[in-house]
Amino acid sequence: IDKIARRSTVGFPASRDISGEGLQQALLKILEGTIVNVSDPARRTPTGRPESMQFDTRNVLFICGGAFPGLHHVLTTRLGANSIGFGA
């Protein structure tokens with residue numbers, strides 16, 4: 001997610017928010033589970049705009065790759081468990 005946010009900062013003028021923090025926060029919200037509005041360009045409203053539908057991401061499995069130092073501590077704090085994995 002951090003790499004996507006960094007990639008979004010390339011080539012934008014200084015007047016725009018180029019920190020990528022908004023994109024990163026939106027992606028984290030989707031990963032944590034929320035209901036998002038997704039536009040469907042194949043379906044149009046009578047005004048010609050793409051119709052949008054709601055999509056619940058709570059039961060979606062997202063597979064991410066990369067190095068996540070300290071993730072174990074974040075998960076144990078959130079879940080209130082002493083460990084994760086086979087020995088839990």
Side-chain angles (χ1 to χ4, degrees):
I1 294 173
D2 189 44
K3 295 289 184 189
I4 294 171
R6 282 190 216 151
R7 184 120 170 103
S8 69
T9 63
V10 178
F12 287 114
S15 62
R16 296 182 75 179
D17 176 25
I18 59 170
S19 66
E21 187 176 339
L23 173 65
Q24 191 171 19
Q25 292 298 321
L27 288 172
L28 286 173
K29 188 175 180 183
I30 290 171
L31 289 174
E32 288 177 346
T34 188
I35 297 175
V36 295
N37 289 321
V38 180
S39 64
D40 184 1
R43 298 172 62 186
R44 301 252 176 210
T45 62
T47 60
R49 294 185 356 207
E51 188 175 316
S52 65
M53 63 181 96
Q54 290 187 335
F55 183 74
D56 188 357
T57 63
R58 285 182 287 193
N59 294 320
V60 176
L61 173 64
F62 293 96
I63 301 174
C64 303
F68 302 101
L71 182 63
H72 177 267
H73 300 294
V74 172
L75 290 176
T76 55
T77 302
R78 270 195 175 178
L79 298 174
N82 293 329
S83 65
I84 60 173
F86 293 111

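Side chains included, hydrogens not; waters and symmetry mates left out as well; all remaining heavy atoms used.
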For Asn59, all residues meeting side chain to side chain contact (heavy atoms under 4.5 Å, CB included), sequence neighbours excluded: none
Salt bridge (charged side-chain N to carboxylate O under 4.0 Å, His left out) against Asp40, all qualifying residues, sequence neighbours excluded: none
Which atom pairs, one a donor and one an acceptor, fall under 3.5 Å between side chains of residues 26-38 and the rest of the protein, sequence neighbours left out?
unit_1 : atom_1 : unit_2 : atom_2 : d
Glu32  : OE2    : Arg78  : NH2    : 3.1

